[in-house]
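So the structure is just underneath, and the comments pick up after that.
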Amino acid sequence: MPDSWPLLSLLLLSPGLGILVLLFVPSRHQRLLRIVGVSATLLPLLLAGWLYALFESGSGGLTELAVWAELPLNRETINPQFAASYVLQLHYHLAVDGLSLPLVLLTVLVSTMAALAAVHVVKRRKAFYIWFLVLELAMLGVFLARDLVLFFLFFELTLIAAFFLIGIWGYQRREKTAVQFLIYNGIGSALMLLAFLILISTAGIRVEPGDLGAALIYSGSYDQLLANLADPQGFANQLPQEMGGYNPFYLSDGLAGAVFVLLLVGFGIKLPIFPLHTWMVRVHAEAHPSVVMLHAGVLLKMGAYGLLRFGIGLLPAQAEAWGPALAVLGAISMLYGAVLALVQRDLKRVLAYSSVSHMGLVLLGFATLRDIGLQGAVFLLISHGLIAALLFLLVGSLYERTHTTELDRLGGLARELPFMCGILLVAGLALLGLPGLSGFVGEFLVLLGLFETMPWIAAVAGLGLVITAAYVLRAVLAVAYGEPREPYGALRDARLVEAAPMVVLLSFIVLLGIYPSLLTGSLQDGAVQLLRQLAAVGRG
Amino acid sequence: MAEQDVTGRLWASDLGFLVPELTLLAAAVLLALLDLALPQRYSRQIIGWLALGGILAALGSVIWWLLELNPSAAAARPPVRLLGDSYRIDDYASVMKLILLGSGAMVLLLGLGSVRSDPQLPDKGEFYTLLLPALLGAMVTVSSGDLITLYVGLELLALTTYVLVGMRKQVSLGAEAGIKYVVIGGISSAVTLFGMSYLYGITGTTHLGQIGMQMAEAAARYEAFAYIGLLFVLGGLAVKLAAAPFHAWAPDVYQGAATPVTALLAVIAKAAVLAALGRIFYNAVVIPAGGLPVGEDMLLALQILAAAAMLIGTLAALQQRNMKRLLALSGVAHAGYLLVPLSVGVAGFQSNNLSELIYYLLAYALMTLGAFGVTSAVAEAAGHEEMSGFAGMYYRSPALALAMTVLLLSLAGLPISGGFFGKLFILFGAAQHHAYWLVAVMLGATVAAYFIYFSILRQMFLRQSDGGGPIRLPVPTAVVIWICVAGTLALGLVPGPVLEWIGSIVTLQGDLLLH
């Protein structure tokens with residue numbers, strides 16, 4: 001593939017190819033639908049692998065920029081000598097950097113595995129794979145977009161796709177869950193849009209001098225906002241008095257703080273931060289396991305990514321000011337999630353609360369605002385994405401056999417299902433952070449960062465990790481060992497189509513555990529870049 | 001500038017500018033006579049098609065004048081002012097007329113699709129004939145530069161719609177709707193007129209531009225009267241606009257009227273009143289008394305009205321299961337969205353109000369008319385107008401379900417649709433204006449509205465159908481639905497050209513404001 005090809009656009013649109021093919025497959029060909037659906041996720045996987053190779057080799061072509069809509073604004077109130085044109089530009093701007101690349105890789109990998117895990121989907125398979133691929137496309141868009149409006153577009157698209165995936169293929173209370181999901185996340189994205197609008201209407205302005213007068217251009221371009229916010233001479237940072245008493249582009253400290261809080265709450269719903277997590281527990285419990293793999297594996301990470309890129313990245317001074325609050329929120333989420341996971345009686349809910357707990361730890365990593373903590377947090381995101389996907393894959397396969405996920409009704413499965421229980425045990429150990437598996441690296445880095453900045457919080461986090469070990473062992477042992485509680489009949493261990501994704505996910509978990517620099521190289525790039533942004537304002 | 005070409009007399013050469021209005025008038029008269037002369041045994045569909053021809057002819061002549069008066073973006077000619085500047089052919093009015101006549105054509109098509117088989121509508125000929133004067137009234141309303149002309153236009157629109165709403169007189173809901181609409185409409189007209197009389201009283205003129213010139217002085221001398229006049233006009237028009245808290249009539253009337261008439265009320269009546277509201281308030285007070293308390297307070301009043309309409313309309317719709325009542329309340333909320341660009345005023349770097357208003361109005365017209373089209377087909381198939389009629393529609397008519405999905409996503413303001421971009425522009429304009437509380441209210445209402453529109457999506461995709469084959473779709477209705485879907489998608493995919501066009505011809509200084 002030549003370097004001049006728009007690799008990012010190809011990657012973004014590659015799930016679309018599968019959608020097109022699926023549209024022409026008659027819905028009665030169940031087997032064919034599945035083959036097409038699964039193989040459609042291989043193309044993005046391939047392209048993302050290519051992207052990784054390109055990125056590691058340091059070659060260019062990893063950003064694409066085009067103006068896809070230019071919307072004229074009325075100039076009647078502006079002196080015509082001053083402004084020759086006045087527009088709002090919407091950019092189609094894709095890029096990868098050290099922060100988004102690992103998440104893109106996570107997205108394509110988990111998507112393929114989840115598509116394989118959808119073997120248990122029997123009804124309306126065609127529609128399932130179509131929505132599934134729409135969701136994958138939207139998730140890739142979220143991680144690739146570098147324009148605020150474009151990001152929002154893809155963010156909303158994930159909402160629509162996930163609504164249908166949860167609402168049609170979930171368990172008993174799927175519709176209520178889907179509606180709750182929609183409303184909570186709708187509120188989140190509304191808060192996010194409000195913050196974006198404030199940013200665009202202040203720091204989004206760019207003045208380009210020209211022969212006939214200046215061009216006034218509003219845009220949601222991330223780079224533009226970043227440059228404007230970091231520039232002390234930029235309009236957004238100049239007091240109105242310095243501009244002759246009137247500066248409509250001034251972003252006051254109070255307003256910037258409000259924007260940060262809006263982003264924190266908006267993305268905090270997605271993350272989720274305690275007490276905004278109730279919807280997410282229900283989704284974990286009610287949605288189809290294949291969808292939960294995407295949800296716990298990737299969708300939750302969008303919240304963390306958004307908070308990091310837009311909240312902390314654009315408004316580092318506010319992040320600094322709110323750092324302690326982030327730490328406290330993170331610690332509460334972590335402890336609360338861990339304690340509740342300890343007392344749950346349903347395996348799915350244990351894992352759901354464990355996600356809350358781990359996302360709390362991610363938030364703690366953000367709160368350090370240090371190289372090592374941020375790196376650890378992002379590493380944790382990737383690692384938890386893989387582990388959560390693997391665990392829900394197992395849950396789905398177990399449920400197909402036992403028709404229950406209640407801990408009281410499970411037990412002694414290791415005898416009948418040695419392979420699956422073995423994987424479950426290793427995945428559990430990865431979740432609790434055993435050295436040598438991927439979970440350890442992220443937790444270790446975050447704790448290291450925390451001890452540097454907030455030793456007390458670090459102590460609390462340490463306590464959280466102890467509880468984590470307890471709930472993981474409690475759940476895993478209850479499932480795998482002990483006496484069988486119910487006559488399940490003859491259980492067959494994992495079929496090849498189930499075992500393959502388990503092995504793949506597990507091997508990545510092990511690989512990252514013993515060879516973390518596979519990822520930390522690119523992560524360090526991302527973290528260093530963010531830190532440079534931090535340093536540019538306030539800290540330098 | 002006021003004396004430039006303003007005489008009180010109408011010259012023969014001026015009639016050329018009135019071709020669209022005269023076409024509608026002539027068509028209405030001729031078709032009324034035809035309806036009388038045509039023996040009963042002939043189907044009244046022919047009158048409908050002829051009326052459609054009349055509307056399209058008027059639409060063509062509006063476009064012709066629009067191009068004639070705007071040969072290029074740089075060389076726009078000044079507006080044509082007739083009858084002492086009481087009637088204006090300007091770009092603001094012309095673009096509004098395009099929306100009105102386009103929607104009128106689609107309402108007629110909806111009528112052609114559904115009225116033929118409607119046993120509850122005995123006077124089918126009158127139905128088609130009366131749409132024309134209603135449109136004429138709407139056109140006069142948006143073109144007028146004088147309170148009297150404006151009132152005449154509004155009343156013409158109102159009186160014809162009283163008849164149209166009351167036409168299903170055999171059905172108790174229809175009769176109830178008719179009487180409610182007449183009473184509420186009469187009161188609102190009276191209130192509007194009462195307010196107008198105060199404006200005349202304190203400024204000594206009914207010409208909007210003159211009122212504006214006098215307003216600063218008049219407001220200083222007769223502050224209370226200025227407030228009373230303006231607020232009563234606002235209240236009266238808000239009733240006609242169905243903006244909460246003046247919306248209570250809307251669900252009953254929308255439910256009782258025939259679906260095409262409901263679409264007329266939801267789109268054409270709303271658009272005309274909104275255009276008039278913008279014209280009155282920007283000319284009389286918002287711009288001329290911009291920095292004065294009365295100007296600021298009127299903007300605040302508009303903002304409160306907008307916020308109330310968005311919130312109350314959305315909250316009331318949450319529990320609604322009847323599709324027509326639901327669309328009525330969604331129309332209340334949309335009236336609120338549409339008021340936002342008017343209510344933030346003009347200041348600093350933000351004067352984009354008209355583009356935002358017109359763009360969202362266009363998107364609103366398309367998605368609402370399309371939704372009414374689908375609703376009428378579904379209601380016909382189900383035999384009732386409840387939301388449950390949509391159950392399992394995806395299995396019965398996948399294409400129609402897809403069309404409705406696009407329209408609903410647009411109504412909800414989700415990408416990629418005209419509704420999304422329309423809302424985004426309005427929100428951006430309000431944010432530029434630092435009216436963040438209004439942005440927050442609008443976003444809140446939007447999210448709450450997800451619940452409403454997604455509950456229809458749930459019916460269509462998540463529920464099983466209770467039997468029944470594909471939904472039968474009359475050709476004219478299908479044409480309307482697919483035009484609306486295509487338009488909604490086009491506005492969402494390439495918003496640039498439309499906004500460019502609106503922005504290049506409609507200006508505050510040259511078109512909206514009278515001098």
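In this text the structure is predicted, and so the values were computed from the model without any measurement. Just so it is clear: chains get the letters A, B, ... in the order the sequence lines come, proteins before strands, and each one is counted from 1. No hydrogens, no waters, no symmetry mates; every other heavy atom, side chains included, goes into these values.
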> With only heavy atoms counted, which part of B:S351 is less than 4.5 Å from chain A, the side chain, the backbone, both or neither?
Replying inline: both
> Could you walk me through whether A:W169 and B:F461 pass the ring-ring contact (aromatic ring centres under 6.0 Å, His included) check?
Replying inline: CA-CA 11 Å; A:W169 290 276; B:F461 289 95; over 10 Å; no
> What is the distance from atom CG of B:L409 to atom CD of A:E156, rounded to the nearest 0.5 Å?
Replying inline: 10.5 Å
> Which bit of A:L216 comes within less than 4.5 Å of chain B, counting heavy atoms only: side chain, backbone, both or neither?
Replying inline: side chain
> Atom CZ of A:F163 and atom OH of B:Y450: how far apart are they, to the nearest 0.5 Å?
Replying inline: 12.0 Å
> Under a 4.5 Å heavy-atom cutoff, which of B:A440, B:G444, B:P415, B:G503 has the most pairs with chain A?
Replying inline: B:P415
>> Which atoms of A:E76 are under 4.5 Å from chain B, going by heavy atoms: the side chain, the backbone, both sets, or neither?
In response: both
>> At a 4.5 Å cut-off on heavy atoms, which part of A:V149 comes close to chain B: side chain, backbone, both, or neither?
In response: side chain
> Side-chain contact, heavy-atom cut-off 4.5 Å: B:L414 with A:I160?
Replying inline: yes
> Side chain, backbone, both or neither: which part of A:R174 has a non-hydrogen atom closer than 4.5 Å to chain B?
Replying inline: neither
> Between B:F420 and A:L153, is any pair of side-chain heavy atoms under 4.5 Å apart?
Replying inline: yes
> Checking A:L255 against chain B: side chain, backbone, both or neither under 4.5 Å from a heavy atom?
Replying inline: side chain
>> Which atoms of B:H433 are under 4.5 Å from chain A, going by heavy atoms: the side chain, the backbone, both sets, or neither?
In response: neither
> Are side-chain heavy atoms of B:Q432 and A:Y218 found at a separation under 4.5 Å?
Replying inline: yes
> Are B:E500 and A:L71 close enough that some pair of their side-chain heavy atoms sits under 4.5 Å apart?
Replying inline: no
> Side chain, backbone, both or neither: which part of A:I205 has a heavy atom under 4.5 Å from chain B?
Replying inline: neither
> Is the side chain of B:N352 donor-acceptor paired with the backbone N or O of A:L73 at a distance under 3.5 Å, no angle test?
Replying inline: no
>> Is the shortest side-chain heavy-atom distance between B:L499 and A:P72 below 4.5 Å?
In response: yes
>> With heavy-atom distances below 4.5 Å as the criterion, would you say the side chains of A:L197 and B:Y436 are in contact?
In response: no
> Between A:I187, A:T202, A:L159, which has the largest tally of heavy atom pairs under 4.5 Å with chain B?
Replying inline: A:I187
>> Is B:L493 in contact with chain A via its backbone, its side chain, both, or neither, using a 4.5 Å heavy-atom distance?
In response: backbone
>> Using every non-hydrogen atom in the two residues, find where A:S201 and B:A431 come nearest and quote the distance to one decimal.
In response: OG-O, 3.6 Å
>> Show, in sequence, the C-alpha distance, side-chain angles and deciding distance for A:E175 and B:R463, and conclude whether the side chain to side chain contact (heavy atoms under 4.5 Å, CB included) test is met.
In response: CA-CA 10 Å; A:E175 278 196 31; B:R463 294 287 158 78; 2.7 Å; yes
> Going from CZ on B:F349 to CZ on A:F249, what distance comes out if it is rounded to the nearest 0.5 angstrom?
Replying inline: 4.5 Å
> Which is it for B:L427 and A:L194 under the side chain to side chain contact (heavy atoms under 4.5 Å, CB included) test, yes or no, and what are the steps along the way?
Replying inline: CA-CA 9 Å; B:L427 288 168; A:L194 180 56; over 6 Å; no
> Among A:L90, A:I198, A:L88, A:V179, which has the most heavy-atom pairs under 4.5 Å with chain B?
Replying inline: A:I198
>> Let me confirm one number: the NE2-OH distance from B:H434 to A:Y250, rounded to the nearest 0.5 Å.
In response: 11.5 Å
> Roughly how far apart are A:L191 CG and B:L443 CG, rounded to 0.5 Å?
Replying inline: 8.0 Å
>> If I take atom OG from residue B:S455 and atom CG from residue A:L182, how far apart are they, to the nearest 0.5 angstrom?
In response: 10.5 Å
>> Is B:S355 close to chain A through its backbone or its side chain, or both, or neither, when contacts mean heavy atoms under 4.5 Å?
In response: neither
>> Can you tell me which portion of B:L462 sits under 4.5 Å from chain A's heavy atoms? Options are side chain, backbone, both or neither.
In response: both
> Taking it one step at a time, do A:R124 and B:Y395 satisfy side chain to side chain donor-acceptor pair (under 3.5 Å)?
Replying inline: CA-CA 11 Å; A:R124 296 171 74 177; B:Y395 301 100; 2.5 Å; yes
> Side chain, backbone, both or neither: which part of B:E356 has a non-hydrogen atom closer than 4.5 Å to chain A?
Replying inline: neither
> Under a 4.5 Å heavy-atom cut-off, does chain B meet the side chain of A:F196, its backbone, both or neither?
Replying inline: neither
